[in-house]
Amino acid sequence: MNTTEHQDLARRLPAPAERDLPPGRHLHHKELLMRTIDGDRPRPRRHLVRPAFALPAAAAVVAGALAVTALPGSQDRTSGTRVAPAEPGTPRGAVVLLDRIATVAMRTDTKPVRDDQYVYVRSLATETVHIKPVEAGGLKEREDWVPQDPRPSNDGGVFREDGKFLNMNLTGHKPAGIERPTYKWLASLPADPAALHERIRKETMPIQGQDFGQTVFDTFGTLLSRSVMPSRTEAALYKAAAKIPGVVQMPDAVDAQGRHGVAIAREDRQLGQRTEWIFDKKSLKFLGQRTYLTKTGDWGKAGTLVRATAILDRAVVDRARQIP
(Lines give C-alpha, C1' and ligand atoms only; values in the text may rest on other atoms or scores of the structure.)
Protein backbone atom coordinates (compact mmCIF):
# COMPACT_ATOMS: atom_id res chain seq x y z
CA MET A 1 0.00 0.00 0.00
CA ASN A 2 3.17 2.40 -1.46
CA THR A 3 5.00 4.46 -0.77
CA THR A 4 5.93 2.22 -3.32
CA GLU A 5 9.33 1.20 -4.26
CA HIS A 6 11.35 1.28 -7.36
CA GLN A 7 13.25 3.79 -9.44
CA ASP A 8 14.29 3.81 -13.08
CA LEU A 9 17.86 4.23 -11.93
CA ALA A 10 17.67 1.04 -9.90
CA ARG A 11 17.07 -0.91 -13.07
CA ARG A 12 20.47 0.14 -14.37
CA LEU A 13 22.34 -1.16 -11.36
CA PRO A 14 24.06 -4.56 -11.48
CA ALA A 15 21.77 -7.41 -10.55
CA PRO A 16 21.98 -8.23 -6.85
CA ALA A 17 23.47 -11.51 -5.79
CA GLU A 18 20.94 -14.29 -5.84
CA ARG A 19 19.61 -15.19 -2.43
CA ASP A 20 16.47 -16.44 -0.84
CA LEU A 21 14.11 -13.96 0.74
CA PRO A 22 13.24 -15.48 4.11
CA PRO A 23 9.53 -15.98 4.64
CA GLY A 24 9.78 -14.05 7.88
CA ARG A 25 10.96 -11.01 5.98
CA HIS A 26 8.27 -11.51 3.37
CA LEU A 27 5.56 -11.79 5.94
CA HIS A 28 6.63 -8.71 7.83
CA HIS A 29 7.32 -6.60 4.76
CA LYS A 30 4.59 -7.89 2.52
CA GLU A 31 3.04 -4.48 2.43
CA LEU A 32 6.20 -2.44 2.46
CA LEU A 33 4.66 0.00 0.12
CA MET A 34 1.31 -0.39 1.67
CA ARG A 35 2.81 0.70 4.85
CA THR A 36 5.27 3.24 3.54
CA ILE A 37 6.09 2.65 6.99
CA ASP A 38 8.36 -0.17 6.70
CA GLY A 39 11.21 2.18 7.29
CA ASP A 40 11.03 0.96 10.86
CA ARG A 41 13.56 -1.67 9.92
CA PRO A 42 16.44 -1.46 7.42
CA ARG A 43 16.00 -2.82 3.94
CA PRO A 44 18.96 -4.47 2.23
CA ARG A 45 17.77 -3.56 -1.26
CA ARG A 46 15.65 -0.83 -2.81
CA HIS A 47 12.92 -2.73 -4.45
CA LEU A 48 9.53 -4.17 -4.07
CA VAL A 49 6.90 -3.11 -1.76
CA ARG A 50 6.45 -6.65 -0.77
CA PRO A 51 9.49 -8.90 -1.07
CA ALA A 52 8.72 -12.33 -2.33
CA PHE A 53 8.05 -15.38 -0.24
CA ALA A 54 10.90 -17.58 -1.37
CA LEU A 55 9.68 -21.03 -2.16
CA PRO A 56 11.58 -23.83 -3.86
CA ALA A 57 10.48 -24.43 -7.42
CA ALA A 58 8.45 -27.54 -7.96
CA ALA A 59 5.45 -29.46 -6.78
CA ALA A 60 2.38 -29.34 -8.92
CA VAL A 61 0.28 -26.22 -8.78
CA VAL A 62 -3.02 -26.85 -7.07
CA ALA A 63 -5.70 -26.53 -9.73
CA GLY A 64 -8.17 -23.72 -9.36
CA ALA A 65 -8.38 -20.82 -7.00
CA LEU A 66 -8.58 -21.05 -3.24
CA ALA A 67 -10.87 -19.37 -0.78
CA VAL A 68 -9.91 -18.68 2.82
CA THR A 69 -12.25 -20.22 5.32
CA ALA A 70 -11.47 -18.07 8.34
CA LEU A 71 -8.83 -16.13 10.20
CA PRO A 72 -7.78 -16.07 13.81
CA GLY A 73 -9.21 -13.24 15.85
CA SER A 74 -12.83 -12.89 16.84
CA GLN A 75 -15.96 -14.91 16.35
CA ASP A 76 -16.53 -13.02 13.10
CA ARG A 77 -13.07 -13.87 11.86
CA THR A 78 -11.85 -17.26 10.95
CA SER A 79 -10.32 -19.66 13.43
CA GLY A 80 -8.17 -21.55 10.95
CA THR A 81 -5.31 -20.78 8.59
CA ARG A 82 -6.29 -23.11 5.76
CA VAL A 83 -8.10 -22.43 2.53
CA ALA A 84 -10.45 -24.65 0.56
CA PRO A 85 -10.62 -25.23 -3.23
CA ALA A 86 -12.92 -22.95 -5.21
CA GLU A 87 -13.80 -22.39 -8.84
CA PRO A 88 -10.94 -20.94 -10.90
CA GLY A 89 -11.13 -17.25 -11.76
CA THR A 90 -11.21 -15.76 -15.24
CA PRO A 91 -9.06 -13.09 -16.97
CA ARG A 92 -12.13 -11.66 -18.72
CA GLY A 93 -13.86 -11.34 -15.38
CA ALA A 94 -10.87 -9.36 -14.06
CA VAL A 95 -11.11 -6.85 -16.90
CA VAL A 96 -14.85 -6.37 -16.31
CA LEU A 97 -14.50 -6.08 -12.52
CA LEU A 98 -11.57 -3.67 -12.66
CA ASP A 99 -13.46 -1.51 -15.14
CA ARG A 100 -16.42 -1.40 -12.72
CA ILE A 101 -14.13 -0.48 -9.83
CA ALA A 102 -12.50 2.22 -11.96
CA THR A 103 -15.93 3.69 -12.74
CA VAL A 104 -16.73 3.88 -9.02
CA ALA A 105 -13.33 5.48 -8.35
CA MET A 106 -13.98 8.18 -10.95
CA ARG A 107 -17.20 9.12 -9.16
CA THR A 108 -15.39 9.53 -5.84
CA ASP A 109 -14.80 13.11 -4.77
CA THR A 110 -11.25 13.04 -3.40
CA LYS A 111 -10.00 16.34 -2.04
CA PRO A 112 -6.38 17.28 -2.83
CA VAL A 113 -3.89 16.44 -0.09
CA ARG A 114 -1.48 19.19 0.97
CA ASP A 115 2.25 18.58 1.25
CA ASP A 116 2.13 19.27 5.00
CA GLN A 117 -0.57 16.66 5.67
CA TYR A 118 -0.46 12.93 6.49
CA VAL A 119 -2.31 9.89 5.15
CA TYR A 120 -3.74 7.95 8.08
CA VAL A 121 -4.36 4.20 7.74
CA ARG A 122 -5.74 1.88 10.41
CA SER A 123 -5.33 -1.76 9.50
CA LEU A 124 -5.50 -5.31 10.77
CA ALA A 125 -3.06 -8.05 9.82
CA THR A 126 -2.15 -11.59 10.78
CA GLU A 127 1.09 -12.12 12.65
CA THR A 128 3.57 -14.85 11.79
CA VAL A 129 3.94 -17.47 14.52
CA HIS A 130 5.98 -19.98 12.55
CA ILE A 131 8.20 -19.49 9.52
CA LYS A 132 8.99 -22.92 8.07
CA PRO A 133 6.48 -24.32 7.57
CA VAL A 134 4.71 -20.98 7.54
CA GLU A 135 1.85 -20.40 9.97
CA ALA A 136 -0.23 -17.25 10.28
CA GLY A 137 -1.19 -16.49 13.86
CA GLY A 138 -3.45 -13.98 15.54
CA LEU A 139 -4.42 -10.53 14.36
CA LYS A 140 -2.79 -7.23 15.28
CA GLU A 141 -4.14 -3.72 14.72
CA ARG A 142 -1.85 -0.96 13.52
CA GLU A 143 -2.17 2.76 12.76
CA ASP A 144 0.09 4.61 10.34
CA TRP A 145 0.64 8.31 9.67
CA VAL A 146 2.49 8.77 6.36
CA PRO A 147 3.88 12.25 5.45
CA GLN A 148 3.01 13.70 2.04
CA ASP A 149 5.86 16.19 1.69
CA PRO A 150 7.40 15.34 -1.73
CA ARG A 151 10.85 16.69 -0.86
CA PRO A 152 13.70 14.24 -0.11
CA SER A 153 13.40 13.13 3.49
CA ASN A 154 14.30 10.45 6.01
CA ASP A 155 10.92 10.90 7.65
CA GLY A 156 8.88 7.75 7.06
CA GLY A 157 6.10 8.87 9.37
CA VAL A 158 4.80 7.38 12.61
CA PHE A 159 2.98 4.17 13.46
CA ARG A 160 1.27 2.84 16.58
CA GLU A 161 1.10 -0.79 17.64
CA ASP A 162 0.18 -2.19 21.05
CA GLY A 163 -0.45 1.37 22.24
CA LYS A 164 3.10 2.49 21.47
CA PHE A 165 4.13 5.18 18.96
CA LEU A 166 7.28 4.62 16.90
CA ASN A 167 8.96 6.76 14.25
CA MET A 168 9.69 5.23 10.89
CA ASN A 169 12.86 6.51 9.34
CA LEU A 170 13.46 5.85 5.66
CA THR A 171 16.86 4.66 4.48
CA GLY A 172 18.41 7.58 2.63
CA HIS A 173 16.87 10.90 1.61
CA LYS A 174 14.10 9.70 -0.69
CA PRO A 175 12.05 12.11 -2.77
CA ALA A 176 8.47 11.32 -3.69
CA GLY A 177 8.26 8.42 -6.12
CA ILE A 178 7.25 4.80 -6.40
CA GLU A 179 9.09 4.07 -3.17
CA ARG A 180 7.38 7.00 -1.44
CA PRO A 181 4.12 7.64 -3.33
CA THR A 182 2.80 10.96 -2.08
CA TYR A 183 -0.47 12.45 -3.31
CA LYS A 184 1.42 14.92 -5.51
CA TRP A 185 3.50 12.17 -7.13
CA LEU A 186 0.45 10.00 -7.74
CA ALA A 187 -1.35 12.97 -9.30
CA SER A 188 1.55 13.35 -11.76
CA LEU A 189 1.16 9.83 -13.20
CA PRO A 190 -0.23 9.42 -16.74
CA ALA A 191 -4.00 8.95 -17.00
CA ASP A 192 -3.73 6.61 -20.00
CA PRO A 193 -3.90 3.00 -18.65
CA ALA A 194 -1.37 1.61 -21.16
CA ALA A 195 1.14 4.37 -20.46
CA LEU A 196 0.57 4.02 -16.72
CA HIS A 197 1.08 0.26 -16.81
CA GLU A 198 4.36 0.74 -18.65
CA ARG A 199 5.46 3.46 -16.20
CA ILE A 200 4.87 1.23 -13.17
CA ARG A 201 6.66 -1.71 -14.84
CA LYS A 202 9.71 0.44 -15.58
CA GLU A 203 9.93 1.73 -12.03
CA THR A 204 9.41 -1.67 -10.42
CA MET A 205 12.65 -3.45 -9.59
CA PRO A 206 12.62 -7.26 -9.99
CA ILE A 207 12.79 -9.48 -6.92
CA GLN A 208 15.06 -12.49 -7.05
CA GLY A 209 13.01 -15.66 -7.35
CA GLN A 210 9.68 -13.91 -7.91
CA ASP A 211 7.74 -13.75 -11.15
CA PHE A 212 8.16 -10.14 -12.31
CA GLY A 213 4.48 -9.95 -13.19
CA GLN A 214 3.74 -10.71 -9.53
CA THR A 215 6.12 -7.99 -8.39
CA VAL A 216 4.25 -5.51 -10.58
CA PHE A 217 0.91 -6.80 -9.26
CA ASP A 218 2.10 -6.28 -5.68
CA THR A 219 3.25 -2.75 -6.49
CA PHE A 220 -0.16 -1.88 -7.90
CA GLY A 221 -1.82 -3.47 -4.87
CA THR A 222 0.17 -1.36 -2.46
CA LEU A 223 -0.55 1.88 -4.30
CA LEU A 224 -4.26 1.16 -4.56
CA SER A 225 -4.84 -0.14 -1.06
CA ARG A 226 -2.87 2.27 1.09
CA SER A 227 -2.57 5.59 -0.72
CA VAL A 228 -4.86 8.56 -1.22
CA MET A 229 -4.86 9.88 -4.79
CA PRO A 230 -6.91 11.86 -7.31
CA SER A 231 -9.96 10.03 -8.66
CA ARG A 232 -8.64 9.97 -12.23
CA THR A 233 -5.34 8.46 -11.09
CA GLU A 234 -7.06 5.74 -9.07
CA ALA A 235 -9.37 4.88 -11.97
CA ALA A 236 -6.39 4.71 -14.37
CA LEU A 237 -4.46 2.45 -11.98
CA TYR A 238 -7.34 -0.04 -11.85
CA LYS A 239 -7.60 -0.12 -15.62
CA ALA A 240 -3.83 -0.43 -15.95
CA ALA A 241 -3.83 -3.35 -13.49
CA ALA A 242 -6.06 -5.24 -15.92
CA LYS A 243 -3.08 -5.32 -18.29
CA ILE A 244 -0.92 -7.38 -15.92
CA PRO A 245 -0.64 -10.92 -17.37
CA GLY A 246 -2.22 -13.61 -15.20
CA VAL A 247 -4.70 -11.38 -13.38
CA VAL A 248 -8.09 -13.04 -12.78
CA GLN A 249 -11.38 -12.31 -11.01
CA MET A 250 -12.51 -14.45 -8.07
CA PRO A 251 -16.16 -14.59 -6.92
CA ASP A 252 -15.38 -14.75 -3.20
CA ALA A 253 -12.55 -14.02 -0.78
CA VAL A 254 -12.22 -13.08 2.89
CA ASP A 255 -10.08 -10.36 4.44
CA ALA A 256 -8.47 -10.37 7.90
CA GLN A 257 -11.59 -8.86 9.43
CA GLY A 258 -13.68 -11.76 8.13
CA ARG A 259 -15.44 -9.64 5.49
CA HIS A 260 -16.39 -11.43 2.28
CA GLY A 261 -15.93 -9.77 -1.09
CA VAL A 262 -15.03 -10.25 -4.73
CA ALA A 263 -11.34 -10.40 -5.57
CA ILE A 264 -8.75 -9.61 -8.18
CA ALA A 265 -6.08 -12.30 -7.90
CA ARG A 266 -2.80 -13.41 -9.39
CA GLU A 267 -0.81 -16.58 -8.82
CA ASP A 268 2.97 -16.59 -8.82
CA ARG A 269 3.68 -20.10 -10.03
CA GLN A 270 7.40 -19.72 -9.41
CA LEU A 271 6.81 -19.16 -5.71
CA GLY A 272 3.66 -21.24 -5.41
CA GLN A 273 1.45 -18.58 -3.86
CA ARG A 274 -1.62 -16.55 -4.77
CA THR A 275 -2.35 -12.98 -3.72
CA GLU A 276 -5.84 -11.46 -3.81
CA TRP A 277 -7.13 -7.89 -3.58
CA ILE A 278 -10.53 -8.02 -1.92
CA PHE A 279 -13.37 -5.58 -2.62
CA ASP A 280 -16.82 -5.17 -1.09
CA LYS A 281 -19.34 -6.89 -3.36
CA LYS A 282 -21.75 -3.94 -3.36
CA SER A 283 -19.74 -0.76 -2.94
CA LEU A 284 -16.53 -2.17 -4.53
CA LYS A 285 -14.56 -0.49 -1.74
CA PHE A 286 -11.08 -1.95 -1.18
CA LEU A 287 -11.22 -4.20 1.92
CA GLY A 288 -7.82 -5.87 2.18
CA GLN A 289 -5.53 -8.57 0.81
CA ARG A 290 -4.61 -12.16 1.49
CA THR A 291 -1.90 -14.53 0.28
CA TYR A 292 -1.78 -18.30 0.56
CA LEU A 293 0.28 -21.21 -0.76
CA THR A 294 -0.80 -22.98 -3.94
CA LYS A 295 1.96 -25.60 -3.86
CA THR A 296 2.86 -28.13 -1.20
CA GLY A 297 6.51 -27.94 -0.23
CA ASP A 298 8.97 -27.07 2.53
CA TRP A 299 7.02 -23.94 3.42
CA GLY A 300 3.79 -25.81 4.00
CA LYS A 301 0.82 -27.45 2.37
CA ALA A 302 -1.12 -25.97 -0.51
CA GLY A 303 -3.91 -23.86 0.94
CA THR A 304 -1.90 -22.58 3.91
CA LEU A 305 -2.63 -18.95 4.69
CA VAL A 306 0.53 -16.85 4.54
CA ARG A 307 -0.91 -13.45 5.40
CA ALA A 308 -4.20 -11.58 5.50
CA THR A 309 -4.88 -7.87 5.98
CA ALA A 310 -7.87 -5.56 6.31
CA ILE A 311 -8.02 -1.79 5.83
CA LEU A 312 -10.29 -0.50 8.60
CA ASP A 313 -9.92 3.23 8.05
CA ARG A 314 -8.11 5.56 5.66
CA ALA A 315 -8.15 9.34 5.88
CA VAL A 316 -6.12 12.55 5.60
CA VAL A 317 -5.06 14.40 8.77
CA ASP A 318 -3.09 17.56 9.49
CA ARG A 319 -0.46 16.09 11.77
CA ALA A 320 1.10 12.82 12.88
CA ARG A 321 -0.73 11.00 15.72
CA GLN A 322 -3.98 12.83 14.89
CA ILE A 323 -7.02 10.53 14.80
CA PRO A 324 -9.53 11.40 12.04
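Atom CG of residue D116 and atom CG of residue D149 lie 8.5 Å apart, to the nearest 0.5 angstrom. Note that CD of Q273 and NZ of K295 are 10.5 Å apart. Values are rounded to the nearest 0.5 Å. Once rounded to the nearest 0.5 Å, the distance linking CZ of R180 with CG of D155 reads 8.0 Å. Between the CZ atom of R226 and the CZ atom of F286 there is a distance of 9.5 Å, given to the nearest 0.5 Å. Atom-to-atom distance recorded for L196:CG and K243:NZ is 10.5 Å, nearest 0.5 angstrom. If you take CD1 on I278 and CD on Q257, they are separated by 12.0 Å, rounding to the nearest 0.5 Å.
Q148 and T182 are not linked by any side-chain donor-acceptor pair at a separation below 3.5 angstrom, with hydrogens and angles left out of the test.
Contact annotation: the side chain of R269 never approaches that of D211 to less than 4.5 Å [non-hydrogen atoms, C-beta and beyond]. Residues S153 and K174 fail the side-chain proximity criterion, which asks for heavy atoms closer than 4.5 Å. Contact annotation: the side chain of L237 approaches that of M229 to within less than 4.5 Å [non-hydrogen atoms, C-beta and beyond]. Taking the side chain as every heavy atom from C-beta outward, D313 and V121 never approach each other to under 4.5 Å. At least one side-chain heavy atom of T110 sits under 4.5 Å from a side-chain heavy atom of V228. In this structure, the side chains of D144 and Y120 stay at 4.5 Å or more apart for every pair of heavy atoms. Taking the side chain as every heavy atom from C-beta outward, L97 and L284 approach each other to under 4.5 Å. Between V104 and S283 there is no side-chain heavy-atom pair separated by less than 4.5 Å.
Environment of NZ in K301: sparse, with no more than 12 heavy atoms of neighbouring residues, nucleotides or ligands closer than 6.0 Å.
S227 places no side-chain N or O within 3.5 Å of a backbone atom of L224 that could act as its donor or acceptor partner. A donor-acceptor pair under 3.5 Å is absent between the side-chain atoms of T304 and the main chain of L293, judged by distance alone. When atom types are taken as modelled, the side chain of R151 and the backbone of A176 share no donor-acceptor pair closer than 3.5 angstrom. At distances below 3.5 Å, at least one donor-acceptor pair connects side-chain atoms of T296 with backbone N or O atoms of A302. A donor-acceptor pair under 3.5 Å is formed between the side chain of S231 and the backbone N or O of T108.
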Steps toward side-chain contact (heavy atoms from CB on, under 4.5 Å) verdict (I207, M205):
CA-CA 7 Å; I207 295 297; M205 186 173 179; over 6 Å; no
If you apply the rule side-chain contact (heavy atoms from CB on, under 4.5 Å), what do you find for K184 with D115, and how did you get there?
CA-CA 8 Å; K184 184 171 286 187; D115 294 350; 2.9 Å; yes
Steps toward salt bridge (Lys or Arg N to Asp or Glu O under 4.0 Å) verdict (D255, R290)
CA-CA 6 Å; D255 72 1; R290 71 174 179 182; over 6 Å; no
Verify side-chain contact (heavy atoms from CB on, under 4.5 Å) between Y292 and R274, making sure each step is shown before the conclusion.
CA-CA 6 Å; Y292 46 85; R274 184 191 303 275; 2.7 Å; yes
Residues L189, R199; criterion side-chain contact (heavy atoms from CB on, under 4.5 Å); working and verdict:
CA-CA 8 Å; L189 294 175; R199 170 79 176 271; 3.8 Å; yes
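Residues E267 and Q214 approach most closely at C-OE1, 3.8 Å, considering heavy atoms. Scanning all heavy atoms of the two residues, the minimum distance from P147 to G157 falls at CD-CA, 3.4 Å. Heavy-atom minimum distance, T204 versus I200: OG1-O, 2.6 Å. A pairwise comparison of heavy atoms in G93 and Q249 identifies C-CB, 3.3 Å as the closest pair. Heavy-atom minimum distance, A240 versus F220: CB-CE2, 3.8 Å. Taking each heavy atom of M106 and A235 in turn, the nearest pair found is CG-CB, 3.4 Å.
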Just distance, no hydrogens or angles: give the donor-acceptor pairs under 3.5 Å from side chains in residues 315-324, sequence neighbours left out.
from	atom 1	to	atom 2	distance (Å)
D318	OD1	R114	NH2	3.4
D318	OD1	Q117	NE2	2.8
R319	NH1	Q322	OE1	3.4
Q322	OE1	D318	N	3.0
Q322	OE1	R319	N	3.3

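Under the 4.5 Å side-chain heavy-atom criterion for ILVMFWY residues, a single connected hydrophobic cluster contains both Y238 and W185. Hydrophobic clustering places V119 together with Y183 (ILVMFWY residues linked when any side-chain heavy atoms are closer than 4.5 Å, directly or through intermediates). Note: the hydrophobic cluster containing I101 does not contain L287 (ILVMFWY, side chain heavy atoms under 4.5 Å, direct or indirect links).
For the pair R266 and D218, the salt-bridge criterion is not met [side-chain N within less than 4.0 Å of a carboxylate O]. Between E127 and K140, at least one side-chain nitrogen of the basic residue sits less than 4.0 Å from a carboxylate oxygen of the acidic one, meeting the salt-bridge criterion. Using a 4.0 Å cut-off between charged side-chain N and carboxylate O, R259 and D280 make no salt bridge.
Taking the centre of each ring, W277 and F217 come in below the 6.0 Å mark.
Relative ring orientation between F165 and W145 is described as tilted, the plane-to-plane angle lying within the 30° to 60° band.
The cationic group of R142 lies under 6.0 Å from the six-membered ring centre of F159 and within 45° of the ring axis, placing it in a cation-pi geometry.
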